[in-house]
Amino acid sequence: MAHYKKDAASNRDALFGGGGGSSSSRARSQRPATTTATTASSSRPKSTTSAAANTASSSVTSSNNNTNATIADPTITPGPSTIFTTSGRITSRSTPISLLAGAAKIAKMAEAEDYRLKAKKAMTRGVFSKPDPISASNFYKRAADAYKQCGENRLERLHRIASGDCQLGQDAYATAAAEYTRAAELAEASDEISARKRQECHKLHLDAAGAWAQMGEKGRAAESTMKAAFGLVMGEEVGTKMDVKALTSVEEGIESFVPDPLNRKRNYRRTGASAYKDANAVDAEAFARTALQLANQNIITDSYAHETVFKVGAELIKRRHYESALYAYGAGTASLEQEGFATVSLSRAYVSEAILTLAMGDAVAASKDFTGVHLQRTAYLSSRECALEEDLIRACDAMDLEALEEARSRSGPHRSALASLEPIVRELVGEIRVSGRAKKEKAGVSSSSLSSSSMAAVPKTGTAARGPASSNTDAAAAIAKPPSPPPKKELSGKELMQDTDACFAEMDDIMNDMGLDDDEDDDDDIDLT
């Protein structure tokens, strides 16, 4: 009995058979690979082999270093796969745990080349044969996996795209979308120039979105569309504004999650036109009803779909696109409201909308949304986010700076509600002003420094009078003292009479223009009987 428990290999062989997991079969399967590796390594010169291995390993190392540096720099926009997924997942999928080197790498490269030739042969039309995309896609995928073990980013990317094209031609949409997504992630980690990386990443994610849409996966198609949009800003500084093309792609991606007829903040969209709007419609009301029904069918209510939209809103806040960010948060709120459940996420979405509206300097719109929409949900009335929103709106309406500082204080009564917000939204709360749009203060400049510098620039007249006379003191006194106006010239009696007559004439002209120049008595025209 003890032997049965300890010998795990024998247990597996007894249950599942010894062919698949025995050490002898593994040794037999590895024997031809070892022979091939030895033959390939012996057939090449030693200098060429070592040079190729050193070059490949150095290129892989430099590529990995560049990728890590790009991801680690907080001032540079990372790739869309890093924005919308966890860093551990993207790292594990981009780079294998260990890369081959030396003779093993040369043998694996030869194996990948063999797979590529087989795929090319499978797609060749012969006299008694026709192209076989399924077999070709399988060979391309095996070649890409082999190049992945060798750390060859570009070759793996090309074979992933070829495999995806073959799968797409055979209506294998899920496999094609996975290959395109993997190729886009490799494009993010490549050592190409930034413009080429953005173009490839944008194109490949759009191809993946098209494949998911053909399959009927609307949620995954919308996510791939959003990744394609943020592929256009990859590598740029976080604080810089997006160009028109990138912002248009982002807002189109937001509409792919929540159509505009269901988004209360659709008027804050800055670019593009809604796909659910037709300016040339004959019957506008009928078209609006049809568009609303279609929007209810296409809204994305999958689990955690709203988090993707909120991440988009946070990225837009970093770039000071407050209107587009409010459009994104409105879409996320509509997705949560469509589920019909009052959750903490919905409360945070409501208060985030209010904070963004106040940051735009529109306290009236924030108060209207608070009373007309947010307070209509009973569960929101007892939440801590509701109390924070109420105090912020009340302070801005009354232009009470002290009340605003107390509401957003980290040690105040709303510290728990502030702690649950997104970091960028929490930072935006500190930039709200009682009047006007929120503006980011320049680095190293504060109100205290400005006041001290202005006080230092104003000379003290009493000290200057008591001190010794000098050229600097005289110059400062001359600058501080405003120039006296010239004395008015006294008018004589005749000039005063002419000035008075001119004033009366001007008043008569004004009365004539207004139609009040009739001095006759019109009492006879009025019948008092």
Side-chain angles (χ1 to χ4, degrees), residues 80 84 198-199 201-203 205-214 216-233 236 240-301 305-306 308-317 319-338 349 353 356-357 360 362 365 368-369 373:
F84 296 105
R198 294 180 192 132
Q199 182 180 1
C201 186
H202 178 71
K203 178 65 169 59
H205 277 302
L206 282 182
D207 292 341
W212 287 123
Q214 291 287 337
E217 291 284 345
K218 296 182 293 185
R220 294 185 178 182
E223 184 178 358
S224 297
T225 304
M226 193 63 69
K227 289 181 179 180
F230 275 89
L232 295 174
V233 297
E236 294 183 355
T240 58
K241 295 222 178 233
M242 293 183 179
D243 57 358
V244 178
K245 182 180 179 181
L247 188 59
T248 303
S249 300
V250 170
E251 291 183 344
E252 288 177 356
I254 294 172
E255 190 180 13
S256 65
F257 277 92
V258 178
D260 281 359
L262 300 177
N263 191 348
R264 290 184 292 103
K265 303 298 181 181
R266 57 183 174 272
N267 294 328
Y268 290 94
R269 183 172 179 173
R270 298 292 93 187
T271 60
S274 174
Y276 298 84
K277 185 177 181 181
D278 187 8
N280 300 324
V282 178
D283 191 354
E285 295 182 358
F287 182 81
R289 289 193 297 268
T290 305
L292 184 60
Q293 294 176 0
L294 187 61
N296 285 319
Q297 296 176 4
N298 293 333
I299 186 173
I300 306 301
T301 57
H306 60 279
T308 303
V309 185
F310 289 153
K311 288 179 181 179
V312 174
E315 293 295 326
L316 291 171
I317 292 175
R319 293 160 178 81
R320 300 285 163 175
H321 292 289
Y322 291 151
E323 288 81 4
S324 300
L326 187 57
Y327 174 65
Y329 272 92
T333 303
S335 178
L336 290 171
E337 290 175 345
Q338 193 75 10
E353 283 185 359
L356 267 170
T357 310
M360 293 164 52
D362 196 352
K368 183 178 179 181
D369 290 339
V373 179

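Just so it is clear, the model here is predicted, and its values are computed rather than measured.
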Any side-chain heavy atom of [X] within less than 4.5 Å of one from [Y]?
X      : Y      : answer
Tyr327 : Arg270 : no
Thr271 : Lys245 : no
Phe257 : Val312 : no
Ser324 : Arg319 : no
Ser274 : Arg269 : yes
Ser335 : Val309 : no
Leu316 : Leu326 : no
Leu292 : Leu262 : yes

Would you give the length of the straight line joining atom [atom1] of [X] to atom [atom2] of [Y], rounded to the nearest 0.5 angstrom?
X      : Y      : atom1 : atom2 : answer
Asp362 : Tyr322 : CG    : OH    : 14.5 Å
Glu217 : Trp212 : CD    : CH2   : 6.0 Å
Leu294 : Arg289 : CG    : CZ    : 15.0 Å
Thr357 : Tyr329 : OG1   : OH    : 12.0 Å
Leu247 : Glu251 : CG    : CD    : 4.5 Å

Would you check if the side chain of [X] reaches a backbone N or O of [Y] as a donor-acceptor pair within less than 3.5 Å?
X      : Y      : answer
His321 : Met242 : yes
His202 : Ala228 : yes
Glu223 : Thr308 : no

Which heavy atom of [X] sits nearest a heavy atom of [Y], and at what distance?
X      : Y      : value
Asp260 : Arg266 : O-CD, 3.0 Å
Ala334 : Ile299 : O-CD1, 4.2 Å
Ile300 : Gly219 : CD1-N, 3.8 Å
Ala291 : Tyr276 : CB-O, 3.6 Å
Ala331 : Ile254 : CB-CG2, 3.7 Å
His306 : Gly332 : CB-O, 4.1 Å

Exercise for the section: List the steps, then state whether side chain to side chain contact (heavy atoms under 4.5 Å, CB included) holds for Lys218 with Asn298. Expected result: CA-CA 8 Å; Lys218 296 182 293 185; Asn298 293 333; 4.2 Å; yes

Problem - Salt-bridge present (Asp369, Lys265; N to O < 4.0 Å) - result: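 A salt bridge links Asp369 with Lys265.
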
Handout entry: Crowding at CD, Gln199 (>12 non-hydrogen neighbours, <6.0 Å)
Key =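 12 or below, so no.
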
Practice task
For the pair Leu336 and Phe310, evaluate side chain to side chain contact (heavy atoms under 4.5 Å, CB included) and give the outcome as yes or no after the intermediate values.
Solution key: CA-CA 11 Å; Leu336 290 171; Phe310 289 153; 4.1 Å; yes

Practice task
If the plane angle is over 60° it's perpendicular, under 30° parallel, otherwise tilted; pick one for Phe230 and Phe84.
Solution key: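 Ring orientation, 0 to 90° scale: perpendicular.
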
